[in-house]
Amino acid sequence: MMNLKDMAAEILEQGFDPKKDAVGGDFENLPDGLYDAILIDVKWQGPNDNGTEWLSHEFEILNEGYENRKYFGNIFFSNEKMMQLNLKRAMKTAAVLDVDLSIEDFEDEEVLVETLKAGVGNQCMIELKTNKKGTFQNWEALQEAPF
């Protein structure tokens with residue numbers, strides 16, 4: 001019989017966060033690396049039980065072997081410390097997806113989401129990198145690599 005404790009430890013080592021992460025088989029982390037992706041949706045999510053709200057960019061991965069896989073690039077607005085960094089991340093993601101964000105777009109979530117949805121259908125690269133502790137996979141939207 002399988003050792004549940006070892007299996008549970010392995011799941012946690014792979015970065016599963018029972019407080020935040022979905023359980024479905026489709027949500028297995030993609031390996032670190034560069035992916036070609038198309039933005040297919042943008043939503044404002046939360047607040048969750050911790051009061052955290054976040055901006056969720058839903059991407060479809062185009063790379064061979066990962067067809068029909070989705071990646072949810074979330075930008076969390078939970079604490080003051082991360083707020084500046086994550087505002088920059090939201091602005092950069094918008095710029096990469098050819099969306100012109102104005103300061104007024106940040107007045108409320110609905111306006112922000114509507115503006116960002118102008119990028120739906122646009123393609124970009126996504127870089128995934130797991131942090132040194134192996135607890136979290138960061139993502140960044142990048143301009144298409146010039147050929």
Tell me whether [Y] is reachable from [X] by hopping between hydrophobic residues (I, L, V, M, F, W, Y) whose side-chain heavy atoms are closer than 4.5 Å.
X: Leu116; Y: Met83; result: yes
X: Val120; Y: Tyr35; result: yes
X: Leu30; Y: Leu39; result: yes
X: Met91; Y: Val42; result: yes

- Message: Listing request: all salt bridge (Lys or Arg N to Asp or Glu O under 4.0 Å) pairs with a residue in residues 103-115, at least two apart in sequence or in separate chains.
- Response: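 For residues 103-115, and leaving out neighbouring residues, there are no salt bridge (Lys or Arg N to Asp or Glu O under 4.0 Å) pairs at all.
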- Does some side-chain heavy atom of Leu87 sit less than 4.5 Å from a side-chain heavy atom of Phe106?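 The answer is yes, as the side chains (C-beta and beyond) meet within the 4.5 Å cut-off.
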- Is any side-chain heavy atom of Thr93 closer than 4.5 Å to a side-chain heavy atom of Trp139? yes
- Note on the structure: Applying side chain to side chain donor-acceptor pair (under 3.5 Å) to Lys117 and not counting sequence neighbours gives none
- Taking only residues two or more places apart in sequence or in another chain, which ones pass side chain to side chain donor-acceptor pair (under 3.5 Å) with Gln45?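 Result, side chain to side chain donor-acceptor pair (under 3.5 Å) vs Gln45: none returned.
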- Query: Do side-chain atoms of Thr52 reach the backbone of Asn48 as a donor and acceptor pair under 3.5 angstrom?
  - Reply: no
For residues 55-66, dump all side-chain donor-acceptor pairs below 3.5 Å to protein atoms at least two apart in sequence or in another chain.
{"from": "Ser56", "atom 1": "OG", "to": "Asn74", "atom 2": "OD1", "distance (Å)": "2.9"}
{"from": "His57", "atom 1": "ND1", "to": "Gly73", "atom 2": "O", "distance (Å)": "3.4"}
{"from": "Asn63", "atom 1": "OD1", "to": "Asp36", "atom 2": "N", "distance (Å)": "2.8"}

- Begin with the C-alpha distance, continue with both residues' side-chain angles, and end with the deciding distance and a verdict on ring pair (Phe, Tyr, Trp, His ring centres under 6.0 Å) for Phe77 and Trp44. CA-CA 11 Å; Phe77 296 101; Trp44 188 264; 5.6 Å; yes
- Item | Hydrophobic cluster of Met82, others only, ordered by chain and residue number, side-chain cut-off 4.5 Å | Leu85
- Item | Intermediate values then yes/no, side chain to side chain contact (heavy atoms under 4.5 Å, CB included), Gln137 and Tyr71 | CA-CA 12 Å; Gln137 192 179 44; Tyr71 180 77; 4.2 Å; yes
Side-chain donor-acceptor pairs under 3.5 Å in residues 122-134, sequence neighbours left out?
{"from": "Asn122", "atom 1": "ND2", "to": "Leu97", "atom 2": "O", "distance (Å)": "2.7"}
{"from": "Thr130", "atom 1": "OG1", "to": "Asp32", "atom 2": "OD1", "distance (Å)": "2.8"}
{"from": "Thr130", "atom 1": "OG1", "to": "Asp32", "atom 2": "OD2", "distance (Å)": "3.3"}
{"from": "Asn131", "atom 1": "OD1", "to": "Gly134", "atom 2": "N", "distance (Å)": "2.9"}
{"from": "Asn131", "atom 1": "OD1", "to": "Thr135", "atom 2": "N", "distance (Å)": "2.8"}
{"from": "Asn131", "atom 1": "OD1", "to": "Thr135", "atom 2": "OG1", "distance (Å)": "3.4"}
{"from": "Asn131", "atom 1": "OD1", "to": "Phe136", "atom 2": "N", "distance (Å)": "3.2"}
{"from": "Asn131", "atom 1": "ND2", "to": "Thr135", "atom 2": "OG1", "distance (Å)": "2.9"}

- Query: So does Gln84 have more than 12 non-hydrogen atoms from other groups sitting under 6.0 Å from CD?
  - Reply: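 Check fails, neighbour count at 12 or below.
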- N-O pairing of Glu140 and Lys92 below 4.0 Å: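 So Glu140 pairs with Lys92 through a salt bridge.
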